[in-house]
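The structure appears below as structure tokens.
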Amino acid sequence: MLAVYSQCKQYDFDEIELFWQKFWDKNKTFCVQEDFSKEKYYVLDMFPYPSGAGLHIGHPEGYTASDILTRYKHAKGYNVLHPMGWDAFGLPAEQHAIKTGINPAINTANNIEIFKKQMKRIGFAIDWDREVNTTDPGYFKWTQWIFLQLFKHGLAYVDESPVWWCEELKSVLANEEVIGGRSERGDFPVIRKNLCQWILRITRYADKLLEGLFDIDWPDSTKRQQTAWIGKSEGANIRFKIDGYDEEICVYTTRPDTIFGATFLVIAPEHPLVEKIVAQKFVNDVKKYVEDSRKKSDLERTDLAKTKTGVQTGAYAINPANGERIEIWIADYVLVSYGSGAIMAVPGHDKRDYDFALNYGIAITQVISDVSGNNQLPYVGDGILVNSGEFNGISSEKAREKIISWLHAAKRADFAQNYKLRDWLFSRQRYWGEPIPIIWIKESDYQMALSNDKFYFKEFLPKEPVSYNKGGVPYCALPLCLDHLPLTLPPTDNYLPSTDGESPLVKIKSWVNVYVNIETGQIVSAEDFNEKNASFPWVLGRRETNTMPQWAGSCWYYLRYLSPHCETNIVDPKAINYWQTPDFYIGGAEHAVLHLLYARFWHRFLFDIGAINTGKEPFRRLFHQGIILGEDGTKMSKSRGNVINPDEIVKHYGADALRLYEMFLGPLDMMKPWSTKGIEGVSRFLKKVWNGYVDKNGNIKSFQNSVSDTCRTVINETIRKVGNDIEELKFNTAISQMMICLNSVQKAGGFDGASARNFLKILAPFAPHISEELWARIGNNGSIYNTDWPEYDDSKMIPTSQKIIVQVNGKMRAELVVSDINNMQADAIFELAMHDGNVQKYIFDKKIVKKIYIRGKIVNFVVE
RNA sequence: GCUCGAGUGGUGAAAUUGGUAAACACGCCAGACUUAGGAUCUGGUGCCUAACGGCUUGAGGGUUCGAGUCCCUCCUCGAGCACCA
């Protein structure tokens with residue numbers, strides 16, 4: 001095969017880049033198969049949502065970084081997988097559909113095409129044969145299957161729960177789409193609405209998700225965020241007797257050491273005991289207070305700046321530690337959803353209880369003494385117990401355990417843990433999402449089916465049926481089976497949710513109402529069903545009309561890449577045996593909690609049920625690229641007019657320059673402003689590279705027979721540093737080093753043959769197009785992608801002579817050039833240094849009190 | 001309020017992890033080539049000073065022969081959490 005390349009005489013990046021992009025496509029240069037003779041390396045990007053706006057300048061940042069790693073690891077001999085796909089369900093496509101009446105699938109496909117074209121124009125080393133799309137039925141078939149597994153294992157259930165509803169958008173919104181009580185899109189008010197929802201029991205994995213963070217290589221801040229989100233705390237449940245009642249109030253506390261200072265109890269307005277224990281005298285006040293707090297939004301209730309309000313119940317509890325009779329209050333600063341919805345209030349050592357006690361004139365007792373002697377209240381730290389009976393003088397830490405044990409012996413307390421993590425609200429009242437593969441049938445039909453030996457749907461049934469009540473009639477959830485999947489979205493031209501917060505699918509009666517044969521599994525639209533046959537084993541059912549959230553598809557896409565066309569399993573066992581989980585995962589920090597927590601949950605679940613045989617954690621090494629700001633240093637936005645379009649940059653400077661510049665901007669994980677002026681620098685560098693190889697007529701220059709020693713040192717140092725910097729993702733300094741190298745080579749009259757080849761090899765991951773072109777022009781066949789990473793020669797890097805810095809009292813006074821430095825003794829160095837003219841100026845009339853020599857680096861004379 | 005992270009030239013930044021602060025690049029200044037330069041090349045460019053020299057990594061203190069780097073106090077910016085008992 002003859003070397004092929006573009007025909008341009010000057011550096012025409014457009015011609016060169018298009019030529020090589022076509023070459024890669026045609027030769028499937030980046031397509032990989034399992035190869036058990038080679039070590040694998042799996043590079044994963046967070047796949048994009050293909051928005052109508054196209055690629056923005058932030059996308060190529062992460063993709064270039066992962067691409068450099070891909071090409072580098074491949075050169076180092078790994079079998080590298082670098083796939084790409086589309087997280088394509090989501091609200092914008094649906095809103096586009098509402099506006100235009102065009103099926104979101106069409107809009108989505110168009111957007112994907114644009115994204116893909118843009119990405120190909122930047123020249124990423126992606127195996128496009130493995131492209132996945134979460135909205136493809138062949139993909140979401142398996143998303144639905146995973147849901148059914150969760151259902152089967154009792155991790156999916158239904159509950160009536162409050163969701164955000166935006167009247168203006170006529171849509172339910174996810175928590176993350178609500179900012180400060182208003183919709184993220186359009187800034188409209190949102191309200192809470194109770195709807196019947198699917199919920200996943202992520203809380204059952206709380207401990208595992210917490211422990212899993214321990215030994216994975218993730219940014220600390222992300223680990224901390226997940227830890228905080230899971231919010232595990234240790235303490236005790238303590239039961240307080242209510243004076244005059246049989247009932248008790250159970251409180252959760254992390255500070256049992258302060259129990260002697262508990263001067264009142266507070267229960268949440270929604271607490272079940274509210275109705276039972278309120279004294280006649282307070283009934284009206286309590287009613288009003290409970291009513292008012294129900295009307296308050298979450299935002300108002302949790303506003304810290306507000307003074308705490310509450311109302312007395314007239315009932316009293318007995319403090320089990322000291323037998324004191326203490327008031328029971330109702331206040332909305334206590335949340336019914338955490339712990340037991342009731343607290344023991346210790347105003348001496350809790351800021352909130354302190355504020356409340358001050359407001360209502362309740363006794364404040366100090367029971368912890370600050371060891372530093374500061375005894376201002378409220379003191380919330382640990383200390384030494386006082387006013388605490390037999391526990392006086394004990395430290396907080398010891399007292400916590402002792403007091404729980406003491407109360408436990410009296411059957412008043414138990415050790416307990418709590419989590420802030422809530423179960424995952426999984427259903428969305430939207431059209432553009434994966435349909436939840438469930439049919440609701442009457443409980444009586446479900447029971448009858450269960451007792452039938454030929455019950456077709458047994459495969460995915462949970463131990464306890466999932467049921468809910470509608471208009472007094474109980475319904476049970478009947479899961480579809482694998483052969484019913486994928487359950488696709490029915491076509492419609494009305495994508496608007498109903499005003500009462502139900503999915504637009506509700507309106508598609510022919511899809512919703514079905515008859516199910518519970519013996520054969522046959523499902524027929526009620527419209528097409530002959531009513532004469534409407535008897536057992538045919539039962540009337542109603543399809544679940546909620547869809548899944550956008551997070552569902554992104555929870556497992558990294559597994560699908562391994563065998564995207566596998567029809568029998570979520571992932572081909574042979575493929576996952578080889579590829580396992582990603583070795584490197586890069587994406588924005590905005591997904592620190594949600595996507596990354598949900599995906600870890602699903603991965604662990606799939607591992608637990610034996611669907612995959614990988615490690616327990618999906619992403620062992622994670623990195624977040626920093627946001628690229630506009631030239632004015634603020635976030636890019638249309639309204640500010642500071643948006644940089646990558647297409648424009650590619651047009652003016654080429655893809656190689658874009659890639660190089662985004663990496664040269666600064667450290668990968670930092671937020672940094674774009675500068676179009678700045679890209680000129682790397683653009684010039686590329687031209688210099690070109691001119692180092694090609695003459696004015698487009699012919700390859702003849703290289704030198706050899707390069708100078710200094711030059712060879714720089715070249716070796718560059719090979720070493722670029723490799724190390726890539727491993728550490730320090731691409732900015734790697735590029736600097738290549739610039740230094742090129743500058744000194746050109747000063748010294750140019751490359752020799754070996755260094756000309758090596759330089760292209762190390763440049764190739766960063767600027768693959770120009771590297772391919774020059775590689776071919778200097779006479780090589782095939783892609784530079786398939787060459788090895790150059791070795792560097794240590795012996796060529798140690799200069800024969802070396803500079804030693806001479807300091808006097810820590811200030812630099814001279815430079816010594818010393819040959820044969822390794823064999824020189826410290827005394828000889830001191831001798832040399834002292835006789836330096838400039839050093840003499842500072843020491844001749846002084847007394848040297850100390851001499852320091854750091855081998856090969858520095859001499860310091862301390863004088864006085 | 002709490003928890004992290006960050007503050008280095010006119011700008012983006014670098015610094016072998018305690019050893020010459022400002023590499024590399026942008027910008028700017030001067031020069032060369034040019035009909036021309038917003039192309040290219042060469043040189044200069046932290047601050048003060050006429051110079052010798054002195055000063056300099058947000059501010060102040062400390063440890064050290066030596067601090068951008070370690071410790072303490074404070075200031076500013078960014079991120080996350082925010083009545084979770």
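Only heavy atoms go into these numbers, but all of them, side chains included; no hydrogens, no water, no symmetry mates. Here is the naming used below: chain letters follow the sequence lines, and residue numbers restart at 1 for every chain.
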Quiz item: B:rA6 and B:rG53: how far apart are their C1' atoms, nearest whole angstrom?
Solution: 35 Å

Practice problem: Taking only the side-chain nitrogens and oxygens of A:Asn691, find out if one of them lies under 4.0 Å from OP1 or OP2 of B:rC41. | Solution: no

Quiz item: Across all strands shown, which nucleotide pairs with B:rC70 by Watson-Crick or G-U wobble geometry, both distances under 3.5 Å?
Solution: B:rG62

Quiz item: Do A:Tyr792 and A:Arg720 have side-chain atoms, one donor and one acceptor, less than 3.5 Å apart?
Solution: no

Self-check item: Conformer about C1'-N of B:rG9 - syn within 90° of 0, anti elsewhere
Solution: syn

Quiz prompt | Protein-nucleotide distance (A:Lys351, atom NZ; B:rA82, atom C1'), rounded to Å | solution = 14 Å

Between protein and nucleotides 67-73 of chain B, what N or O pairs are separated by less than 3.5 Å?
none

Quiz prompt | A:Arg813 side-chain proximity, nearest of B:rC65, B:rG27, B:rG54 | solution = B:rG54

Quiz item: When all nucleic acid strands are considered with a 4.0 Å heavy-atom cut-off, which category describes A:Lys811: base, sugar-phosphate, or nothing?
Solution: sugar-phosphate

Quiz item: For every nucleotide of nucleotides 12-18 of chain B, 5' to 3': is a protein heavy atom under 4.0 Å from its base (B), only from its sugar-phosphate (S), or from neither (-)?
Solution: BSS----

Practice problem: Report the residues that fulfil side chain to side chain donor-acceptor pair (under 3.5 Å) with A:Arg600, sequence neighbours left out, ordered by chain and then residue number. | Solution: A:Gln226, A:Glu617

Quiz item: Is there a side-chain polar atom (N or O) of A:Tyr333 under 4.0 Å from OP1 or OP2 of B:rA85?
Solution: no

Exercise. Taking syn as within 90° of 0 and anti otherwise, name the glycosidic form of B:rU64.
Key: anti

Quiz item: Can you tell me if A:Tyr853 and A:Asp827 form a side-chain donor-acceptor pair at under 3.5 Å?
Solution: no

Self-check item: Ring centres under 6.0 angstrom apart (A:Tyr653, A:Tyr661)
Solution: no

Quiz item: How far does the C1' atom of B:rA79 sit from the matching atom of B:rG31, given to the nearest Å?
Solution: 48 Å

Quiz item: Heavy atoms, side chains only, cut-off 4.5 Å: are A:Asn642 and A:Met636 in contact?
Solution: yes

Quiz item: Distance between the C1' atoms of B:rU11 and B:rC48, in whole angstroms?
Solution: 22 Å

Quiz item: Under a 3.5 Å cut-off for both distances, is B:rC41 Watson-Crick or wobble paired, and to whom?
Solution: B:rG31

Practice problem: Return no unless some side-chain N or O of A:Lys850 is found under 4.0 Å from OP1 or OP2 of B:rC65. | Solution: yes

Quiz item: With distance as the sole criterion, is a donor-acceptor pair present between the side chains of A:Asp353 and A:Tyr333 under 3.5 Å?
Solution: yes

Quiz item: Checking all strands, does A:Asn743 fall into the base, sugar-phosphate, or nothing category for heavy-atom contacts under 4.0 angstrom?
Solution: sugar-phosphate

Quiz prompt | Under 3.5 Å on both distances, the Watson-Crick or G-U partner of B:rC24 | solution = B:rG12

Quiz item: Partner of B:rU76 by Watson-Crick or G-U wobble geometry, both contacts under 3.5 Å, or none?
Solution: B:rA6

